[in-house]
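Inspection log for the structure reproduced underneath, given as C-alpha cells.
Heavy atoms only: backbone and side chains are in, while hydrogens, waters and symmetry mates are out.
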Amino acid sequence: PKTPAAARGLAEKIDRTLGGQEEFTRVAEREMNVYLGRLGPARKEPATLVLAGFPGIGKSELATQAARHLGLPIIRINMQAFSANSANVVEDFVDSIQNGIDKAKSQPGWNGKYVLLIEELDKVYELDQAGKQVNRPVMAIIKDLLNDGQGTVTTRKGYTAVTRALDVRDAFLFVTMNFAVD
C-alpha cells in the first residue's frame, strides 16, 4: 500500500537548523512516514532508527526536531544514567520509560504515537578494555525492546517477586551511539 505523507517535508525542516545531516534527515522522514501511516496498535517490533556517529554531530537533535515538527511527545533516556551493573538500574530504567509514557498519555490530543529516544547506548558496554564480559543487567531489557518492542522485568520487593511489563511497540525508537573519538 502507498505510504501516507504525514511526515512530508520533515527532512527539509530539520535541514534548516541541523546542517550536514541531509542523508539522515531523509531516512528519518521516510521512516517516520511509514511509522505514522501504521493503523492501530503495533503487533510486531517498534519502528527503530539507529544513528551512530561521532559526538556532537546532531544525532539526538535530529530525533528531537523530528518529534517536535511532527507534534509527537518525546521520551529521552540517556543511557549514561543506567550503565551500572546493579539490578536497581533495570528498575530505574523501566520506571523512567513508563513514567515518560504515562506523561505522554496525559497530554491533550494523545493519539498513541510517540518518540522514544535512547541516547548513548554505547555507554552501556558489555565488554571491558581487556575484552572480558561485563554484567550489564539493563542490556537484557534493551535488547527485548529493540527486538520485540516489549519485555518483562522481575524485581524483588522484600520477599515478594514483582514482574513488570514494558511495551514500546507503539513508539518510534531513535537510538544514538557514539563512535570512539580516539
The reported gap from CG in Leu145 to CD1 in Ile97 (rounded to nearest 0.5 angstrom) is 5.5 Å
Residues at least two apart in sequence or cross-chain that pass side chain to side chain contact (heavy atoms under 4.5 Å, CB included) with Gln150, listed by chain then number, are Asp148, Asp167, Arg169
Review point. Within the distance-only criterion (no hydrogens, no angle test), does the side chain of Tyr35 pair as donor or acceptor with the backbone N or O of Leu173 below 3.5 angstrom?
Key: no
#### Entry: Exam field: side chain Glu120 to backbone Asn78, donor-acceptor pair closer than 3.5 Å
no
Mind checking whether Phe174 and Leu116 have side chains closer than 4.5 Å, heavy atoms only?
no
Does the Lys105 side chain pair with the main chain of Asn111, one donor and one acceptor, at a distance under 3.5 Å? no
Those residues at least two apart in sequence (or on a different chain) that pass side chain to side chain contact (heavy atoms under 4.5 Å, CB included) with Ser83 are Val124
The reported gap from OG1 in Thr25 to NE2 in His69 (rounded to nearest 0.5 angstrom) is 10.5 Å
- Can you tell if the side chain of Thr176 reaches within under 4.5 Å of the side chain of Ile118, non-hydrogen atoms only? no
Residue set satisfying salt bridge (Lys or Arg N to Asp or Glu O under 4.0 Å) with Glu22, at least two apart, ordered chain then number -> none
ring-ring contact (aromatic ring centres under 6.0 Å, His included) filter on Phe93, not counting sequence neighbours, yields Phe82
query = Are Val27 and Val50 in one and the same hydrophobic cluster, where Ile, Leu, Val, Met, Phe, Trp and Tyr link if side-chain heavy atoms are under 4.5 Å apart?
reply = no
Sorted by chain and residue number, the side chain to side chain contact (heavy atoms under 4.5 Å, CB included) partners of Arg164 (sequence neighbours excluded) come out as Glu91, Val94, Asp95, Gln98, Val162
Heavy-atom nearest pair, Ser96 first then Ile77, reads CB-CD1, 3.7 Å
So salt bridge (Lys or Arg N to Asp or Glu O under 4.0 Å) across residues 61-87, not counting sequence neighbours, yields Arg76-Glu119
The salt bridge (Lys or Arg N to Asp or Glu O under 4.0 Å) partners of Arg26 (sequence neighbours excluded) come to Asp15
- Message: Could you check whether any side-chain heavy atom of Phe172 comes within less than 4.5 Å of a side-chain heavy atom of Met32, counting everything from C-beta outward?
- Response: yes
Here the gap from Leu166 atom CG to Ile101 atom CD1, rounded to the nearest 0.5 Å, amounts to 5.5 Å
The reported gap from CG in Leu121 to CG in Leu146 (rounded to nearest 0.5 angstrom) is 7.0 Å
Just so I know, are the side chains of Val115 and Ile75 near enough to count as touching, which here means a heavy-atom distance under 4.5 Å? no
For residues Thr64 and Ile74, determine if any side-chain heavy atom of one lies less than 4.5 Å from a side-chain heavy atom of the other.
yes
| Do Pro73 and Trp110 come close enough that some side-chain heavy atom pair is under 4.5 Å? | yes
Here the gap from Leu18 atom CG to Leu62 atom CG, rounded to the nearest 0.5 Å, amounts to 6.0 Å
The ring-ring contact (aromatic ring centres under 6.0 Å, His included) partners of Phe24 (sequence neighbours excluded) come to none
By side-chain hydrogen bond (donor to acceptor under 3.5 Å, both in side chains), Asn178 pairs with (sequence neighbours left out) Lys59
For residues 78-88, the salt bridge (Lys or Arg N to Asp or Glu O under 4.0 Å) pairs (sequence neighbours left out) are none
By side chain to side chain contact (heavy atoms under 4.5 Å, CB included), Thr163 pairs with (sequence neighbours left out) Thr152, Thr154
Main chain of Pro46, side chain of Thr48: is a donor-acceptor contact present, judged purely on distance under 3.5 Å?
yes
Tightest non-hydrogen contact, residues Leu117 and Ala63, listed as CD1-CB, 3.9 Å
By salt bridge (Lys or Arg N to Asp or Glu O under 4.0 Å), Lys103 pairs with (sequence neighbours left out) none
So CZ of Arg8 and CG of Asn33: to nearest 0.5 Å the spacing works out to 7.5 Å
